[in-house]
Amino acid sequence: MRNGTTITESILIIQIPLFTVIFLIYILTLAGNGLIIVIVWAEPRLQMPMYFFLCNLSFLEIWYTTTVIPKLLETFVVATTVICIPCCLLQAFFHFFLGTTEFLILTAMSFNRYMAICKPLRYPTIMTSNLCLRLAFSSVAGFTIIFCQTLPLIQLPFCGNNIINHFYCDVGSILKAACTDTTLLELLDLLATSLVIPGSLLLTMISYIYMSTLLRISSATGRQKSFSTCTSHLTVVSLLYGAVLFMYLRATMHSSFKIKIASVLNTILTPLLNPFIYTKNKEVNGAIRKVTACSRACPQENNVQHSP
């Protein structure tokens, strides 16, 4: 009994700090991305295509991290870390659907930057509200890809221990838990991954290659402004694609620990960092200060109006 009690106490000592850290990260992620959505819709100066796509990205980040963290937090609270097979499949579907949509939104953002920098005179007539809505809705095309990828998983027979060596359900872990030949499904997974990740990355790179023409801008101020509008997007693209490419090259890895580290960066840390990266933008920063100043001034005005 003494040995069992010692092991249980050691596990609790590790789990409590982990629960606290991940819970705080989750709250900060919700607050940061929620703040960006509120600021963009409240500030008229931010009613632009770039911030419309940023709003969509923040919305996706909230739900993307929500598909994983609440269940992960539950594993720190309850004694058993069990998830039913339908719930596991549902988590895998929404996790990859939202992740795929993020890649497509980032590609749409790079196209928007290309139009703003390379075709500034035609930008207002091309990047209309109608086109922005079409690009946003076309990003949901990932639903078809992920649905076709997830549907065959429902038919898989599962037997044995059904242990998933991960902190959330992904397609690779589910295929390993199946007690049948999954070669065809693994090929479909590889095909879907190849279409979404390298495909969207290629389009983003093409946009930035064309944007290299900004070096021809004679004005140093114009060059600095062009770079500043791209820095935030490039940082997010580097973080997201870097982590995902590292994770999906797991076929060459022998350590599941490295995969989990990459998954943490992709699933937990990137949604947390995005608001901090984009709030470095002068326009967003100025809008936050304006809303903060207004929220402080409004109660004082109300107090003056109601004072006898």
Side-chain angles (χ1 to χ4, degrees), residues 49-50 52-61 63-65 67 92 94-119 127 131-132 134-149 170-172 186-215 226-227 229-253 258-259 261-274 277-278:
M50 181 173 71
F52 169 76
F53 291 121
L54 176 59
C55 221
N56 281 270
L57 182 64
S58 294
F59 178 79
L60 288 170
E61 294 284 29
W63 291 106
Y64 181 67
T65 192
T67 60
F94 279 107
H95 181 262
F96 285 99
F97 163 59
L98 293 167
T100 299
T101 309
E102 273 191 44
F103 287 122
L104 299 178
I105 283 289
L106 285 171
T107 305
M109 292 175 76
S110 65
F111 173 74
N112 173 68
R113 288 293 81 211
Y114 160 75
M115 294 303 301
I117 292 172
C118 297
K119 300 183 184 295
M127 293 303 296
L131 180 60
C132 290
R134 287 182 182 180
L135 288 172
F137 280 114
S138 65
S139 301
V140 187
F143 177 86
T144 306
I145 298 172
I146 303 303
F147 181 76
C148 294
Q149 184 186 7
D170 71 337
V171 176
E186 288 174 5
L187 289 174
L188 288 174
D189 180 31
L190 180 62
L191 177 62
T193 304
S194 302
L195 282 173
V196 174
I197 300 175
S200 60
L201 179 59
L202 178 63
L203 292 173
T204 301
M205 289 176 65
I206 290 172
S207 296
Y208 275 99
I209 288 171
Y210 277 106
M211 275 189 281
S212 62
T213 56
L214 63 87
L215 294 174
S226 299
F227 273 119
T229 58
C230 297
T231 302
S232 300
H233 182 257
L234 275 173
T235 305
V236 172
V237 166
S238 301
L239 280 172
L240 187 60
Y241 280 98
V244 170
L245 288 174
F246 181 83
M247 189 168 56
Y248 278 97
L249 289 174
R250 62 179 181 266
T252 62
M253 295 183 195
K258 294 180 181 178
I259 301 172
I261 293 297
S263 299
V264 167
L265 177 61
N266 174 44
T267 309
I268 298 176
L269 294 183
T270 302
L272 170 68
L273 294 175
N274 281 356
I277 293 170
Y278 279 107

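Quick note: numbers below take in every heavy atom, side chains included, and nothing from hydrogens, waters or symmetry partners. Computed from a predicted model, the values in this text were never measured in an experiment.
In this structure, Leu191 CG and Glu186 CD are separated by 13.5 Å, a value rounded to the nearest 0.5 Å. Once rounded to the nearest 0.5 Å, the distance linking CD of Glu102 with OH of Tyr64 reads 6.5 Å. Considering CG of Leu239 and CG of Leu234, their distance stands at 11.0 Å, rounded to 0.5 Å. The CD1 atom of Ile197 sits 7.5 Å away from atom OG1 of Thr100, with the distance rounded to the nearest 0.5 Å. In this structure, Leu106 CG and Asn56 CG are separated by 11.0 Å, a value rounded to the nearest 0.5 Å. Note that SG of Cys132 is 11.5 Å distant from CE of Met50, once rounded to the nearest 0.5 Å.
Annotation: side chain of Asn112 is not in contact with side chain of Phe52 (no heavy-atom distance under 4.5 Å). With a 4.5 Å cut-off on side-chain heavy atoms, Phe96 and Val196 do not count as touching. Side-chain contact between Ile117 and Tyr210: absent, with no pair of heavy atoms (C-beta onward) separated by less than 4.5 Å. Side-chain contact between Phe53 and Leu57: absent, with no pair of heavy atoms (C-beta onward) separated by less than 4.5 Å. A 4.5 Å side-chain heavy-atom check between Arg113 and Ser207 finds every atom pair outside the cut-off. Annotation: side chain of Tyr208 is in contact with side chain of His233 (closest heavy-atom distance under 4.5 Å). Proximity of Ile206 to Leu202: side-chain heavy atoms (C-beta onward) are separated by under 4.5 Å at one or more points. Asn274 places none of its side-chain heavy atoms less than 4.5 Å from the side chain of Leu240.
A distance-only check finds no donor-acceptor pair linking the side chain of Thr65 to the backbone of Glu61 [under 3.5 Å].
Ring pair Tyr114/Phe111 is tilted by interplanar angle, where 30° to 60° counts as tilted.
Within the structure, the side-chain hydrogen bond (donor to acceptor under 3.5 Å, both in side chains) test picks out the following pairs touching residues 235-247 (sequence neighbours left out): Ser200-Tyr241.
Heavy-atom minimum distance, Leu135 versus Ala108: CB-CB, 4.4 Å.
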